[in-house]
Every structure is written in structure tokens, then in C-alpha cells.
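Accompanying notes for the structure given below.
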Protein chains: 2
Amino acid sequence: MIDQHVVAAEPLRHASPEDTRERILAAAREVIAKKGKRGATTREIADVAGVNEATLFRHFGNKGALIIAVVQHFCGFVELRSVTSQLNGAIEDDLFVIGKTMMDRMESQSDMIRWSLVEADYEQDLFAETAWRPQIAILELVTEFLQARIDAGKLRGDATQLALIFMGLIFTHVMTRKKFSHFDWLADDEAAIRRYVDVFLNGVRSK
Amino acid sequence: MIDQHVVAAEPLRHASPEDTRERILAAAREVIAKKGKRGATTREIADVAGVNEATLFRHFGNKGALIIAVVQHFCGFVELRSVTSQLNGAIEDDLFVIGKTMMDRMESQSDMIRWSLVEADYEQDLFAETAWRPQIAILELVTEFLQARIDAGKLRGDATQLALIFMGLIFTHVMTRKKFSHFDWLADDEAAIRRYVDVFLNGVRSK
DNA sequence: GAACGATGCGTGTAAGCACTTGCATTAGGA
DNA sequence: TCCTAATGCAAGTGCTTACACGCATCGTTC
């Protein structure tokens, strides 16, 4: 069992404490993504960070606090302005942009989303809460978007329901892409999104 | 931290070894669903089963073997005949029946599907394999079903893609229902399925 | 150059956990 | 009635893991 990490091996006395903290956070995320919260040991996290285990505790006090810090650090708020500025009015195009943003977000946090699904977290609901917040933010954006089109008579149905359905398409894509990697068309994200938008808007029935 | 379990508290010397085995399997699944594989201790599993810890090891040898036994025991093969016999030819109705079957299956195994999503399982791919097998079986059924309609010119698109999209709707429903429990319309499974079928077939655009 | 703060390093501890073992108990079958 | 197989029970073993502590080292700042 030989672990290979990308981190530099040289001892880093020269680095600033903020940098050390950052390295630990990144390492913690990496290890937790692989082994889970319980499976990730402070020992391994420190090793991956290229930092002594004691340093880890000096920074975060205990493992629980470290985990909380990881979640809070990597689940920042979504910059929604950048999304809305790209919308041009055509429903297909706009939904594509929204879908792309959703997918990128989910992809970059898919590890934490997975873990939030596994834990019916008796003690720390905060984890799931924080992991889902960015997604919910986008969901609300989609809901507003759809509501406007429904009001305009262009779409039919309940906005929140439809938003959840649309997000579900992206969600499934991200969650099951590894499981169904033999379907090679899953690899082309943008084509897949276009397909989802098409089905979402027009259904699968022949005209 | 007071744990309350449904199992009978009385010591059961009278039970047959098969019954004991069954109790342990059920308890293991229950505990693992709550705490995860690593978090579930043989101690707690034995307690929940109302059985001595030593008995657990006498039956299964070690924890790993117990987990494998749990998966194999609770992921039986799907009875597909009961599905196909209910199809009546109307696409809406048929998709509803299929969707309902899918949802029931996924619901009853949602815990194991969740675990399989977490890749922490360096060593045992068998787990994910077994957990997904019933779902894949239904997926193939749906693919065939859709392919027939595509060939008949009733539907458009690629059968496998569409099957995955349809399954994704159900998948998301099951996986996120707790996370979005405040959307009360998620509680009514059958209504939700009808909605999914409708969107899947007709899209959301106004006519 | 002295003081300080951040880190490395090693050692240690207490708890938790998988798993073992030896022995007593009991129900059912011969 | 005796034997056996299944279980309870209690104590124990060895390993892992979170976390603490004291001390040496080195870079920065005054």
C-alpha cells in the first residue's frame, strides 16, 4: 500500500502559518474524500499535508473542529452574479448556462455531497447543511428563473418542482458518472447538459 | 445518548441459529445505515441484535465477512416478471409502473446505494457491484422498453440515455427526499412519479 | 543578537475496537 | 438420561487513534 501524494516533501518552516493551515485543510479534504470522516486519521492528514501531526492540533484543536473548518472553507458562497450576467433570454441557452454552473459546482464538491448523503448525522447536521448550501442557492436561482417563464406562459408547472427536477438531472449525472463510466457519452459534460435541457423542455415524445 | 431499539430484550437461547444469524444481519444493516461501515461497531451490532458479541464472530468470523453477508442478503435479485405483467401498452401508465417499481427498490436499498456512492471502498468493489445490480436490472428493462417505442417512432432519442435520465429522476427523488423534506409534495411518491413521467414525456414547455 | 512564534520530533497516554478464549448454561435429540 | 450444538458471560490481547507534552530548531522582528 504505497501512497503517493502531490505535495512537496521538503519540511516547510519557511511557510507562513496561514499557508500551513491551508495545506492542512486541503489535505484533510483529500483524505476525507477518500476515507470518510471516520476513516480519515489525523496522522494521514498531517502526512499528506507534509506537516507534523502536532501542528495539525496546534492549528485546529481537535479533529472535529478541523472537519468543520474544512467544510466551511470549501463551501463558500456562490457567486451568482457571474451566472445571471451570462443569460441572454433564450431558454435553451440560459438553462444550459445554469446547468453548466450547477454541474461545475457539484463536481467540485461532489465528495462532500456524497458524504453528506451517507451521514444521517446524529451530531453534526452542520456538515450536510454547509455542503448543500451552494446547491440550494443555485436551486433558488433556477426556481426564480423558471417562475418568471411560467408567469410569462412559456413554461408550465410548479417552479420549485421543476427546479428540483432540473437539478436532479445534473445531480444524477455527477453522482453516477463513475458508476456508469462505460456509457462514454456521459464523459462529454456539455453535450449531456444540452441533452438534459432538451428533454427537460421538450420531453421525449415524437412530434 | 440513549439508544432505543425495536428488538426484543429477552435473551434468546431458544431461537434457532438461522434466526440468530438473521437477527445479526438485520441489526448490522440497521447500525451500518446509521453509522456507516467504519462507524458501526461489532459491539453495537450485537447489542441491537440482542446477541452476545462473541456469537456474532462465531457466525461470521470477522466484521468484513459480516458486511459482505449483509449486502448479499439484502440485495436479492429483482423479480422482473411481476413488472412486465402489469404493463398495458399506454406509455404513461407503463412508465408509471416501472417508475414505481424502481422507486420501491431504491427506497428499500437506499442505504446501501448511498454507501456505494462513497468510494472509500478501496478494497471491496463487490459492495457497490451488489448494491447496484438490482437497479441495473431495472435499467435494462427500461432501456428495452424505450427502445421498442423508439423503434415504433413513438419516442425520440437514444434508449440508454433516456433510460438513465428516467432512472435519474427516481434516483434523485429517493436520495434527496430527506434533504428537501420541506417540499411536502415530495412526500406523495405516486404523484411525484406521475409528474416525472409527464415531464419526461412532454417536457415543460407550454403548447 | 535576543526574544518570540511557528514548527519538527519523539514519546506517551487513554480510550476504543476487532477479535479470542475458556467456561458455564441450556434446549433438544439420541 | 446423556450428549451435543448454540449461546451467554467475562476477561483479556493487541492494535489503532486522538490528543498531550516537552524540547530542539529555525526564521523573523525588534
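Please read these numbers as outputs of a predicted model, since none were measured by experiment. Note that these values count all heavy atoms, side chains included, but never hydrogens, waters or copies made by symmetry. Residue numbers begin at 1 in each chain, while the letters A, B, ... track the order of the sequences.
- Summarising the geometry, the separation between CZ on B/Arg23 and C1' on D/dT7 is reported as 13 Å, rounded to the nearest angstrom.
- Residue A/Ser16 has no polar side-chain atom (N or O) positioned under 4.0 Å from OP1 or OP2 of C/dA6.
- A salt bridge is absent between A/Arg194 and A/Glu92: the closest approach of a Lys/Arg side-chain nitrogen to an acidic carboxylate oxygen does not fall below 4.0 angstrom.
- Here the CG atom belonging to B/Leu146 is positioned 6.5 Å from the CG atom belonging to B/Leu155, to the nearest 0.5 angstrom.
- Across the protein-nucleic acid pair, B/Leu56 atom CG and D/dC9 atom C1' stand 15 Å apart, rounded to whole Å.
- Following rounding to the nearest Å, B/Leu66 (CG) and C/dC17 (P) show an atom-to-atom distance of 16 Å.
- Partners of A/Leu87 by side-chain contact (heavy atoms from CB on, under 4.5 Å), not counting sequence neighbours, listed by chain and number: A/Asp94, A/Val97, A/Ile98, A/Phe145.
- When the C1' atom of D/dG8 is taken as reference, atom CD1 of B/Ile24 falls 13 Å away, rounded to whole Å.
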### Task
Carefully, step by step, assess B/Trp132 and A/Phe180 under the rule ring-ring contact (aromatic ring centres under 6.0 Å, His included).
CA-CA 11 Å; B/Trp132 278 94; A/Phe180 295 107; 5.6 Å; yes

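- In this structure, the CD1 atom of A/Ile67 is 13 Å from the C1' atom of D/dT17, given to the nearest Å.
- B/His59 has a side-chain polar atom (N or O) that falls below the 4.0 Å cut-off from OP1 or OP2 of D/dT7.
- The stretch residues 162-175 of chain A participates, sequence neighbours left out, in no salt bridge (charged side-chain N to carboxylate O under 4.0 Å, His left out) pair at all.
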Contact list (N/O, under 3.5 angstrom) for nucleotides 18-22 of chain C vs protein:
{"from": "C/dA18", "atom 1": "OP1", "to": "B/Ala40", "atom 2": "O", "distance (Å)": "3.4"}
{"from": "C/dA18", "atom 1": "OP1", "to": "B/Lys63", "atom 2": "NZ", "distance (Å)": "3.1"}
{"from": "C/dA18", "atom 1": "OP2", "to": "B/Thr42", "atom 2": "N", "distance (Å)": "3.0"}
{"from": "C/dA18", "atom 1": "OP2", "to": "B/Thr42", "atom 2": "OG1", "distance (Å)": "2.9"}
{"from": "C/dC19", "atom 1": "OP2", "to": "B/Lys63", "atom 2": "N", "distance (Å)": "2.6"}

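- The pair B/Asp189-B/Arg177 meets the salt-bridge criterion, since a charged nitrogen lies less than 4.0 angstrom from a carboxylate oxygen.
- One finds a side-chain N or O of A/Thr20 lying less than 4.0 angstrom from the OP1 or OP2 phosphate oxygen of C/dT7.
- Put simply, CG on B/Asp47 is 11 Å from P on C/dC17, counting in whole angstrom units.
- A side chain to side chain contact (heavy atoms under 4.5 Å, CB included) with A/Arg29 is found for exactly one of A/Asp111, A/Ile24, A/Ile67, namely A/Asp111.
- Look at CD on B/Glu44: it is 13 Å from C1' on C/dG16, rounded to the nearest Å.
- The separation between B/Asp19 atom CG and C/dA27 atom P is 16 Å, rounded to whole Å.
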